[in-house]
Amino acid sequence: MSHSRLRDEATSERLSCWVCFATDEDDTEALWVRPCRCRGTTKWVHQTCLQRWVDEKQKGNGSAKVTCPQCNTEYTIVFPRLGPVVYLMDIADKIIYKTCPFVAGGMFIGSVYWTAVTYGAVTVMQVLGHKEGLNVMERADPLFLLIGLPTIPVMLILGKMVRWEDYVLRLWRKHSSKLPLINYLWPDEYSRSSRVPAETVPLSDPISATRVLCGALILPTIATVVGKLMFGSVQSNFQRTLLGGIAFIAIKGVLKIYYKQSQYHRQANRIIKDYDEDTTPASSASNTSSVGFQ
């Protein structure tokens, strides 16, 4: 609708702006607009008032759509034509805005990949020895290295998530009465109480991403140290590290099983004592007396 038609229509009725509540008599030079299907007092609005209200709704995003708060009609917003230079810059800005998330994601994945490659190479040299590890990687196919080295930290993390101690602990609790070793570890496990406590938590600790990550990535270093301490007579670096890793995992698992079973044993043999009035604090007794007198 043209401005002349709006002006002719506005002269036939009294106008009132629903934003500032001013009328056409207050400012005869102001531009009016009827942007939606509303009637009555919300039919007309100052162009400047509506522009300011739209700015508040868009919150800096000039391309955001704005609708009427009463009839939900979407406002028709028309912009002046852009010059060729500004038009090209606007297109470039939109392309950059849409491609930046993908570029950032690719850079992040690439960083993680090359970090995994570096960790895998360091692990190979740590397990096989520095010189032997370098010789193995130099003789290997580059494509095999690019695929195989990143799988080393992945396999370590997946292996860390295997809770074999839980399976052993379930078998222990199910068949513990048939094992003679139980009588030496917990001699009164079945003499004091036959209660089976309700387990409100899993047998193992909840999986923590940071704990799994740190434990998995530090495992080769621990295996190397344990291998040198316990199997120093083994000449092969790989065999010594492998034996050290197996020994560390086994010892850690046994200690964890013993710790969990000890907690289970304490839970099963707990007792609830009788209420002893002599141990009641004097303040509690006085409070009880005061409540009784009330």
Side-chain angles (χ1 to χ4, degrees), residues 115-116 119-130 133 149-273:
T115 301
Y119 177 85
V122 172
T123 303
V124 170
M125 291 186 293
Q126 187 177 30
V127 172
L128 300 180
H130 183 74
L149 291 178
T151 60
I152 294 177
V154 175
M155 297 304 297
L156 289 173
I157 293 174
L158 293 179
K160 180 66 177 179
M161 297 177 66
V162 176
R163 303 296 184 90
W164 62 271
E165 303 96 338
D166 298 350
Y167 179 74
V168 175
L169 196 55
R170 289 190 180 94
L171 291 179
W172 186 334
R173 293 179 182 177
K174 184 178 181 180
H175 305 286
S176 57
S177 59
K178 303 176 184 178
L179 299 176
L181 184 61
I182 281 293
N183 296 327
Y184 295 97
L185 295 177
W186 291 280
D188 58 345
E189 181 165 0
Y190 297 99
S191 60
R192 290 179 55 185
S193 174
S194 60
R195 188 181 73 88
V196 177
E199 292 185 85
T200 57
V201 295
L203 293 176
S204 60
D205 298 328
I207 296 179
S208 172
T210 55
R211 185 172 180 175
V212 170
L213 183 64
C214 294
L217 298 184
I218 204 175
L219 179 60
T221 302
I222 297 178
T224 303
V225 174
V226 175
K228 291 180 179 180
L229 293 176
M230 299 182 62
F231 307 97
S233 60
V234 179
Q235 298 298 325
S236 174
N237 290 326
F238 175 73
Q239 294 180 359
R240 184 169 60 245
T241 304
L242 181 62
L243 293 174
I246 295 175
F248 171 75
I249 293 175
I251 294 173
K252 178 184 175 183
V254 170
L255 293 176
K256 187 174 182 179
I257 291 173
Y258 180 79
Y259 172 72
K260 289 293 183 181
Q261 187 63 16
S262 298
Q263 289 183 323
Y264 181 85
H265 173 65
R266 293 180 70 250
Q267 187 78 3
N269 290 280
R270 72 182 184 186
I271 60 174
I272 301 175
K273 301 179 68 175

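The structure presented is a predicted model; accordingly, all values stated were derived computationally and were not measured. Because only heavy atoms are used, hydrogens play no part in the values below, and waters and symmetry mates are left out as well, while side chains stay in.
Between C214 atom SG and L219 atom CG the span is 13.0 Å, to the nearest 0.5 Å. Taken to the nearest 0.5 Å, the CZ atom of R170 stands 11.5 Å off from the CD atom of E165. Note that the CD1 atom of I249 and the NZ atom of K160 stand 8.0 Å from one another [nearest 0.5 Å]. Remark: L128 CG to F238 CZ distance equals 7.0 Å, nearest 0.5 Å. Between the CE atom in M125 and the NE2 atom in H130 there is a gap of 6.0 Å [rounded to 0.5 Å].
Side chain of R240 to main chain of G227: no donor-acceptor pair is present (N/O by atom type, distance under 3.5 Å, no hydrogens or angles).
Remark: Y259 engages Q263 in a side-chain contact (heavy atoms from CB on, under 4.5 Å) (not counting sequence neighbours). Here L255 pairs with I251 under the side-chain contact (heavy atoms from CB on, under 4.5 Å) rule; sequence neighbours left out.
Counting non-hydrogen atoms of other residues, nucleotides and ligands closer than 6.0 Å to CG of L213 gives a total above 12.
Residues V254 and W164 share a closest heavy-atom pair of N-CH2, 4.5 Å.
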Only distances under 3.5 Å count here; give the side-chain donor-acceptor pairs of residues 149-158 to other protein atoms, sequence neighbours excluded, each with its distance to 0.1 Å.
{"residue": "T151", "atom": "OG1", "partner": "G148", "partner atom": "O", "Å": "2.4"}

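P220 places a side-chain heavy atom less than 4.5 Å from the side chain of Y119. Annotation: side chain of L243 is not in contact with side chain of M230 (no heavy-atom distance under 4.5 Å).
Each of T221, N237, T241 was compared with Q126 under the side chain to side chain donor-acceptor pair (under 3.5 Å) criterion, and only T221 meets it.
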